[in-house]
Structures are given as structure tokens and as C-alpha cells.
Amino acid sequence: MMKQIIFISTIIVAFGIFGITIYQIFKLFKLTKPFPIRDIAKRINLTLKIAIGQTKIFRMPVIGLFHALVFWGFCIILFGSLEMMIDGIFGIEKSLSFLGVFYTFLMASGDIFALIVLISIVIFLFRRIFLRIKRFSGIEMHHNSHADANVALTLILLLMVSLLGMNTFYYALKSSDETLYYPVSNIIAKYVYSWPNTRLVFYYNVSWWSHILLIFIFMNILPYSKHFHVFMSVPNVFLSRMEPLGKLPNMDNVTKEVKIMMDPNLAYATPAATDAPPERFGAKDPEDITWKTYLDSLSCTECGRCTSVCPANLTGKKLSPRKIMMNLRARMKEKGPNLVKDKSYEDGKSLIRDYVSTEELWACTTCNACSNECPININHPILIMEMRRYLVMEESSAPSGLNTIFTNIQNNGAPWQFSPDDRLLWANDLTIKTTKN
Ligand code: SF4
Ligand code: SF4
């Protein structure tokens with residue numbers, strides 16, 4: 001009974017803190033602009049392929065396989081974690097064992113995956129600490145970024161050790177139970193069979209409590225860590241941009257204005273009440289972006305795959321698409337909570353310039369290699385284009401080469417500095433042969 005009371009108190013505190021954190025993040029989402037969601041069937045298909053099937057991660061086959069195994073392992077092990085919570089609340093043991101063969105299968109798979117995840121995490125930690133992997137470095141990768149990754153990986157490692165410990169001591173205590181089948185822990189249990197029961201019970205309880213407390217700690221650390229992608233990556237893939245990557249979204253208001261200029265008789269020449277000009281063209285700060293782009297920034301794992309294929313970055317430019325996402329997240333963290341309290345809050349800073357320089361923004365070729373490579377379909381060019389739009393339409397501060405083009409388009413209807421009347425001059429000296437019918 002005492003164990004039950006302690007467990008229920010712990011779970012209330014853990015989920016209470018988690019709930020408060022998620023509510024704070026939800027309030028930040030409310031600051032952003034709408035993002036319509038259509039094509040649900042296509043999205044489910046995409047999620048099964050990219051998120052559950054982990055297809056994009058296999059572009060780096062070896063390390064991708066380890067990552068995919070960790071992901072699939074998490075999905076299976078989650079079942080056992082759920083059972084532990086039910087057991088803890090009701091003071092029972094193996095509450096889901098009524099599922100019979102399916103239960104035995106999931107428990108056995110979870111046990112195997114615990115070992116696979118443990119080995120994978122050791123490899124990940126070894127790579128991060130001892131190998132110089134180029135994509136893990138960059139101006140945006142500070143000491144905190146590396147420490148954050150190592151802490152999260154160590155927590156996962158401890159989670160797997162405690163899970164295997166739990167299975168091992170439980171099996172050593174109940175080896176006569178034929179429904180129990182832990183392929184890995186059964187082998188380890190041979191080394192503890194000879195221990196007295198009291199000792200086995202003690203170590204089982206230590207493993208059980210360590211595992212469940214680590215789950216609660218991990219769950220509450222994640223929203224403050226790059227490993228938030230554990231929660232965010234699947235929804236982020238589901239909410240992927242469905243249009244072809246190269247298609248840049250138009251600004252509806254501007255498109256309408258242009259159409260009206262070209263044909264004032266169009267029905268929509270009379271502006272509707274909803275046609276009010278936007279408060280701001282493009283994006284200067286996080287409140288100007290859609291909630292999907294903010295979700296992108298929260299989902300970013302900082303893996304660097306995007307930056308490693310960015311032609312601007314590869315040719316020595318300052319631009320790093322990973323940095324753009326990290327900057328957006330950091331800026332929202334800085335400004336968002338104040339904006340929640342006061343909608344007109346300004347701190348004299350902005351995402352553009354204070355976090356992302358104009359040099360970075362104009363280095364982008366909009367080739368979309370970054371979003372094509374990102375394993376969770378984050379779309380960087382959309383954000384870059386929105387910030388460029390702000391520079392051009394609100395500040396008229398495009399690079400001089402582009403300003404010349406804009407002026408030419410305005411005056412001549414083409415990017416070149418020739419009058420439209422002169423367009424056919426090139427044909428003046430040509431003798432054109434005509435054919436008789
Ligand atoms: S779209 Fe821009 S940021 Fe992305 S890879 Fe191409 S140049 Fe780099
Ligand atoms: S944007 Fe995608 S590819 Fe780039 S670092 Fe983040 S998760 Fe990795």
C-alpha cells in the first residue's frame with residue numbers, strides 16, 4: 001500500500017510538471033500564424049513511410065540502422081512502461097499479461113530491443129565523444145548542444161540498464177513461471193540464481209524504481225532538450241509540407257493585388273472584409289511564422305544532415321540551415337513568454353540580424369537540399385524566404401544586385417535594363433524568309 005501511495009504521488013508530480021511545460025509551449029504556439037492541414041490520407045501514408053519506416057534515416061545506412069533500431073525499440077518498450085504505470089497505480093504485477101501470447105511476444109521483443117538500444121547508445125556516445133564527426137560541429141554547436149545530447153543519451157543508456165536489470169531479477173525470482181520469456185535477461189539471470197530471495201527482491205525493486213523514475217525524469221527533461229524530437233518527430237512528419245519542395249508559396253494578398261492591377265474588372269476587385277493587408281510582410285520574429293514552422297524548430301534533432309548537404313555551407317558561406325532552426329527556437333524561447341504576457345511586447349531585438357544575419361539569408365539558393373535531406377521533413381527554405389520577404393517588402397533592404405532587378409521588373413517588365421519597346425531590336429538586320437502557302 002505504501003509503495004502504491006508513493007507511486008501515485010510520484011506519477012502525479014511527474015505528469016503535473018510535464019503538463020505545465022506542455023501548456024507553456026502550447027501558449028507559444030498560439031502566438032504564431034495559422035497553417036492549414038489537408039490531405040489527411042496522404043499524410044498518414046507519409047508518416048508510415050518516413051516516421052515509422054524511418055526511410056530517410058537510411059540514407060546513412062549504418063548509423064541510420066542503429067537510429068531506426070532505437071526508434072523501433074522505443075515503440076516496443078513503451079508498452080512495458082505503460083504496464084509499469086498501471087501496476088504502480090493499482091499495486092499489482094504484470095497487469096497486461098492477460099493478453100497472452102501477444103504479451104509474451106511484446107515482452108520478449110522489449111527485452112531484446114533493450115540490449116540493441118543499449119549497444120546503439122554506446123556507439124552513439126562513443127562517436128560523439130571520441131570521433132570528430134564533421135556534421136556535429138559548426139558555429140551553432142556550442143558546448144551546451146553537445147552536453148545536452150550526451151546527457152540525453154546517458155539517460156537512455158541507464159533506462160536500458162535498469163530495464164534489463166528489472167527483467168533479470170524478476171525472472172530469477174519467478175523462473176518457474178513458464179509465461180515469462182526474456183531472451184536476454186534469462187541468460188543474465190543465470191548469474192544471480194544463487195542469490196537469496198531477499199537480495200533478488202531488493203535489486204528488483206531498485207531496478208523497477210530506477211527505471212520508472214528515469215522515465216519520469218527523461219519525460220520532463222525532453223521539452224528542454226534537442227531530444228524533444230522523441231515526442232515531436234512523428235507529428236512533424238505527419239504535418240509535412242505536401243506541395244513539391246521547389247514550389248514557393250505565394251502571398252495571397254500580394255497575388256490578389258497583382259491580379260487586380262492586371263485586370264481591374266475581376267470580381268475580386270472589390271476587396272472583401274477579410275482582405276485586410278497583413279500586419280507585416282514576411283517574418284521578422286517568431287510571431288510572424290506559422291505554427292508549423294515553429295513545430296519544425298522544436299522537432300530539430302540538431303543532427304546536421306541538412307547543413308552537410310547545403311551548397312552554400314559547403315562552399316564556405318555563413319549559412320547553416322540547422323542554425324536557422326536553432327535560432328528560431330532560441331528566439332521564441334527568449335521573446336515568447338513575454339509576448340504571452342503582453343501582446344505588444346518588444347525588446348528591441350529580432351530574429352533577423354540579432355540571431356540570423358542578412359548575409360546568411362541571402363546565401364540561400366532555395367535548392368531545398370536541406371529539407372530533402374532532413375529525416376523528419378523540416379522545411380528551412382520556407383522560413384528563409386519569409387525572412388527575405390520581410391527584408392525586401394518591409395525594409396527595402398535587398399542586396400544591390402537584386403534591387404536593380406526589382407527596379408527593372410517594375411520599369412521594364414523584365415529583369416533586364418532595356419525598355420520593352422526595344423525587345424525586338426535584335427531582329428532588325430535579320431532577313432526573315434516567309435513560306436508561301
Ligand atoms: S535551400 Fe538554402 S539552406 Fe537549404 S540547402 Fe539549399 S542553399 Fe542551403
Ligand atoms: S533540420 Fe533536420 S536535418 Fe537539420 S539538423 Fe534539424 S533534424 Fe537534422
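Small disclaimer: the values here were computed from a predicted structure and weren't measured. Just so you know, ligand 1 is whichever comes first in the structure, and atom 1 is the first atom listed for that ligand.
For ligand 2, the atoms closer than 4.0 angstrom to any heavy atom of Glu302 are 5 (S), 6 (Fe). With ligand atoms numbered from 1 in the order given, ligand 1 contributes 1 (S), 2 (Fe) to contacts under 4.0 Å with heavy atoms of Thr366. The distance from ligand 1 to the heavy atoms of Cys364 drops below 4.0 Å at these ligand atoms: 1 (S), 2 (Fe), 3 (S), 7 (S). The distance from ligand 2 to the heavy atoms of Pro375 drops below 4.0 Å at these ligand atoms: 3 (S). Short contacts between ligand 2 and Gly304, defined as distances under 4.0 Å to a heavy atom of the residue, involve ligand atoms 5 (S), 8 (Fe). Heavy-atom contacts of Thr365 reach the following atoms of ligand 1: 2 (Fe), 6 (Fe), 7 (S) (cutoff under 4.0 Å). Close contacts between ligand 1 and Pro381 involve ligand atoms 1 (S) [criterion: under 4.0 Å to a heavy atom]. In summary, the atoms of ligand 2 found under 4.0 Å from a heavy atom of Thr301, numbered by their order in the structure, are 6 (Fe), 7 (S), 8 (Fe). Within ligand 2, the atoms closer than 4.0 Å to a non-hydrogen atom of Cys303 are 3 (S), 5 (S), 7 (S), 8 (Fe), numbered from 1 in the order shown. Close contacts between ligand 1 and Pro311 involve ligand atoms 5 (S), 6 (Fe) [criterion: under 4.0 Å to a heavy atom]. Applying the 4.0 Å criterion to heavy atoms of Cys310 picks out, from ligand 1, the atoms 3 (S), 5 (S), 7 (S), 8 (Fe).
Summary of contacts: the protein heavy atom closest to atom 6 (Fe) of ligand 2 is Cys300 SG, 2.3 Å. Looking only at protein heavy atoms, the nearest one to atom 3 (S) of ligand 1 is Leu319 CD2, 3.5 Å.
Looking at Cys370 against ligand 1, both its backbone and its side chain come within 4.0 Å, counting heavy atoms. Neither the backbone nor the side chain of Ile324 comes within contact range of ligand 1; no heavy atom lies under 4.0 Å. With a 4.0 Å heavy-atom cut-off, ligand 2 is reached by the side chain of Ile378 but not by its N, CA, C or O. At a heavy-atom cutoff of 4.0 Å, ligand 1 is contacted by the backbone of Asn368 but not by its side chain.
Between Trp426 and Phe418, the distance from one ring center to the other does not fall under 6.0 angstrom. Remark: aromatic rings of Phe281 and Tyr390 are distant, center separation not under 6.0 Å. A centroid separation of 6.0 Å or more is found between the aromatic rings of Phe90 and Phe7.
The shell of residues lying under 4.0 angstrom from ligand 2, judged by heavy atoms, excludes Glu373. Under a 4.0 angstrom heavy-atom cut-off, Pro321 registers as lying outside contact with ligand 2. Remark: distances from the non-hydrogen atoms of His380 to ligand 2 include one below 4.0 Å.
Note on Asp288 versus Arg280: salt bridge recorded, some NZ/NE/NH1/NH2 to OD/OE distance being below 4.0 Å. Residues Glu373 and Lys56 are not paired through a salt bridge, judged by the lack of any N-O separation under 4.0 Å between the basic side chain and the carboxylate. Using a cut-off of 4.0 Å between Lys/Arg side-chain N and Asp/Glu carboxylate O, Lys94 and Asp87 are scored as not salt-bridged.
For Lys49 and Thr47, the side-chain atoms include no donor-acceptor pair closer than 3.5 Å. A donor-acceptor contact closer than 3.5 angstrom is absent between the side chains of Ser145 and Asp148. For the 3.5 Å distance criterion, the side chains of Thr307 and Ser320 qualify, holding a donor opposite an acceptor. With 3.5 Å as the limit, one finds a donor-acceptor pair spanning the side chains of Asp296 and Asn236. Between the side chains of Glu360 and Ser357, at least one donor-acceptor pair of N or O atoms lies under 3.5 Å.
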>> Show, in sequence, the C-alpha distance, side-chain angles and deciding distance for His211 and Val161, and conclude whether the side-chain contact (heavy atoms from CB on, under 4.5 Å) test is met.
In response: CA-CA 9 Å; His211 189 69; Val161 170; over 6 Å; no
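Not one N/O/S atom of Cys374, from backbone or side chain, sits under 2.8 Å from atom 8 (Fe) of ligand 2. For atom 4 (Fe) of ligand 2, the N/O/S atoms of Cys306 include one lying under 2.8 Å.
With contacts defined as side-chain heavy-atom distances shorter than 4.5 Å, the pair Leu383/Asn379 does not qualify.
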